[in-house]
Amino acid sequence: MQNLLKNLENLLQQDQSFISDGTILKNAVVEAALNMEPRLLELLMQSDTIKAHFFTEVAGALVFDKVKFQDFVSNKAFLPDSYTAFKNRIGLTGESGDYLSQSREVVLAWPYKDCVLEGGMTKEDRKRDEVFWNTTLAPDDITRLFEPKVLTGWERWDAEAVEAGKAKPVGEVSDDDNLLIKGNNLLALHSLKKRYAGKVKLIYIDPPYNTGGDGFRYNDRFNHSGWLTFMLSRLEIARELLTHDGAIFITLDETETHYCKVLGDEVFGRENFVAHIAWQKRTSPDNRVVLGDGFDNILVFARTVGTTKRENGTYKTVFEEKANRLPLTEKQRAEYSNRDNDKNGDWVHRDFTAQNKKKNGVLGRPDQIYKIVSPSGDEHWPPEGRCWGATEPEYWKLFNDGRIWFGAKGTNAPRKKLYLKEEKGIQSWTWWPHSEAGTNEQAKKELQSHIGADAASDFTPKPEKLIERMLHIGTNKGDIVLDFFVGSGTTAAVAHKMGRRWLAIEQMDYIQYVTKRRMHNVVNGEQGGVSEDVKWPGGGSFVYAELAASNAAFADRIETAPDIATLQTIHADIQATGYLRYDVSNKAFDTDDFAALPVGDAKRVLMDSLDANHLYVNLGSLGDADFDIPEADMRATRSFYGIEP
Ligand SMILES: C[S@@+](CC[C@H](N)C(=O)[O-])C[C@H]1O[C@@H](n2cnc3c(N)ncnc32)[C@H](O)[C@@H]1O
């Protein structure tokens, strides 16, 4: 056994993609084995002992036993990785293998990328990305996690406050207030529940796509099941917030769309699936890639099934029954004109015939087949297999109202006029071209106008036109719109400009200098994005607040700690004033073993040891002197939750 271990270690040392800083990356090896990567298999075949152990000959071919190999590599005796070894030592055990639908686990994603890409980081450094800040909590560990939280840092921003550069105090929170909240969205959503359950008309979310991309400032590197668990608990609470006629729109790329459709079916019910929209996010293909992606997916799920039967026997959702048509595009509007000085204004002409099928050899609708004489005296009959679009008395009514058009010379077959002022709009469909819904590039430019090109290059905003389209279809003035992955604030900006009320959540510090700043500009009447479309004059206000940090403040310190000594100090501080998990053995932190851990592993251990139930201050501790919540924040928090002072 020992020989086999040593042998394998030596072989793996030969391939730089499995090594970082001289250490073998165990996860990379297992992943390569599961994917049957030729470079790994060739390496393994170099040793007869290894070959004999993990390969079997079948009909002259060597077959690799990847399960046996995975078990072997995952064995503690093989390169016991310091993180797992230490984690086991202090009493933290692994994740369950339950089915997602049965497991009541919750993933709390920390607001950090796994490996922050800083200037000067080498390619080799980037490979050391095995630190995950996603904590998966087992059901037994969740005790006070979902209790409502105290909110602090309350600020009210209206045009006057923006002008003065100084927020106004909040005092009371009213139903008309728009809210921008900083904090973990799962916990913030649970805090919104009391006030907003059943009240949100439309939710739009743009969650991490789980692409494994490195360019993001937040965590976009979940493993697949972690991502699903992360989404599950958020979709469940999101559903509770929706109105009876509400719906949620979710943008994703091909990485997780299909899985999220299944997850959504489970949470909302298959009968509440409304549509899968393709949004053309760019105008031309990426030359560097074969079959590069040209669109993102938007999944739409409604809250409730309605009573309108579709042709296939299923029922429309209440959301669909009430959905709005889209306004005409510029091009469609330009087709309307008034060539005959019609008192009803601009019009277009449309076919005045209808299909007329034979039944049992006899033409139907005999009262819609008659002679029409045009002003020039020409006689017209409906073409073969068709009839006129109305009965004769109805036709004469239309004619007398000036609604029938026989062409400029009065010689043509009759056509019916449709007036612009009576146009109800266009029925939406699932193809949203860039000309109508904007592109990623336009979105970047929109954000640049708020924070400059340099800062905007770190973000992946959505175009305002895309959000405008969703809000047109799914909401009316005064309705509440929610986005709990609000990022740079596109949804809040568009909802504000369109006269909707809005709730927005973002965890990252950039909420201050990106999201809030953008909303200041909106209140100030900025004219970018959809402002011109909706004739935005500026105005309105919003309220900003943060989930009051308890253990979350320690998480921030752990993230930026440069060395073990600092982490040891943080551990001592947590013991004194924070909350460690009850099952964590404290003594182990003072040992040489902890001191010998690589800093990344030590951070992860300490992060995992924090009791997530106390990331933020629970409402029950509002008056607790330990937390020192300012009086004004206590008052606003009470008003928010409708608690008598
Ligand atoms: C793709 S971006 C959204 C971009 C946004 N649509 C826009 O137009 O700017 C996703 C955002 O979700 C935030 N986020 C991810 N996980 C979160 C969590 N657990 N709680 C709160 N925000 C989270 C990220 O910080 C990021 O800003």
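Whatever order the structure lists ligands and atoms in, that order sets their numbers, starting from 1. Just so you know, these numbers come straight off a predicted model, no measurement behind them.
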Inset, instruction - Please work out which of the three classes, parallel, tilted or perpendicular, describes the rings of Phe249 and Phe319, given edges at 30° and 60°. - result: perpendicular

Inset, instruction - Tell me which part of Val486 gets within contact of ligand 1: side chain, backbone, both or neither, using heavy atoms under 4.0 Å. - result: backbone

Legend entry - Evaluation steps, ring-ring contact (aromatic ring centres under 6.0 Å, His included), between Phe273 and Phe301: CA-CA 5 Å; Phe273 173 67; Phe301 289 95; 5.3 Å; yes

Inset, instruction - Could you tell me whether Glu464 and Lys497 make a salt bridge, using a distance below 4.0 angstrom between a side-chain N and a carboxylate O? - result: yes

Inset, instruction - Under 4.0 Å from a heavy atom of Arg234: give me the atoms of ligand 1 that qualify, with their elements. - result: 19 (N)

Inset, instruction - Examine the proximity of ligand 1 to Tyr209 and report which part, side chain or backbone, both or neither, has a heavy atom under 4.0 Å away. - result: neither

Inset, instruction - Provide the number and element of each atom of ligand 1 under 4.0 Å from a heavy atom of Ser488. - result: 7 (C), 8 (O), 9 (O)

Inset, instruction - Taking the side chain as every heavy atom from C-beta outward, state whether Lys193 and Glu240 have any atom pair closer than 4.5 Å. - result: yes

Inset, instruction - Would you check whether Thr460 has a nitrogen or oxygen atom less than 3.5 angstrom from a nitrogen or oxygen atom of ligand 1? - result: no

Legend entry - Geometric N/O contact Glu506 with ligand 1, under 3.5 angstrom: yes

Legend entry - Tyr510 contact mode with ligand 1 (heavy-atom cut-off under 4.0 Å): side chain

Legend entry - Heavy-atom proximity to atom 21 (C) of ligand 1, best of Gln507, Met508, Lys462: Gln507

Inset, instruction - Could you tell me if any non-hydrogen atom of Gly183 lies under 4.0 Å from any atom of ligand 1? - result: yes

Inset, instruction - State the atoms of ligand 1, each with its element, that fall below the 4.0 Å cut-off from a heavy-atom position in Thr490. - result: 7 (C), 8 (O), 9 (O)

Legend entry - Side chain, backbone, both or neither: the part of Glu446 lying under 4.0 Å from ligand 1 by heavy atom: neither

Inset, instruction - Indicate the ring-plane relationship of Phe485 and Phe230, choosing parallel, tilted or perpendicular according to the 30° and 60° boundaries. - result: tilted

Inset, instruction - Could you tell me whether Glu436 and Arg469 make a salt bridge, using a distance below 4.0 angstrom between a side-chain N and a carboxylate O? - result: yes

Inset, instruction - Look at ligand 1 and say whether Asn184 reaches it with a heavy atom at a distance under 4.0 Å. - result: yes

Inset, instruction - Would you mind telling me which of Asn297, Thr430, Ile298 makes a side chain to side chain contact (heavy atoms under 4.5 Å, CB included) with Trp279? - result: Ile298

Inset, instruction - Check whether any N or O atom of Asp206, backbone or side chain, sits under 3.5 Å from an N or O atom of ligand 1, and answer yes or no. - result: yes

Inset, instruction - May I ask you to decide if Asn476's main-chain N or O and Asp479's side chain share a donor-acceptor pair within less than 3.5 Å? - result: yes

Inset, instruction - Using a strict cut-off of less than 4.0 Å between a Lys/Arg side-chain nitrogen and an Asp/Glu carboxylate oxygen, indicate whether Lys281 and Asp293 qualify as a salt bridge. - result: yes

Legend entry - Per-atom contacts, ligand 1 versus Pro461 - under 4.0 Å to a heavy atom: 7 (C), 8 (O), 9 (O)

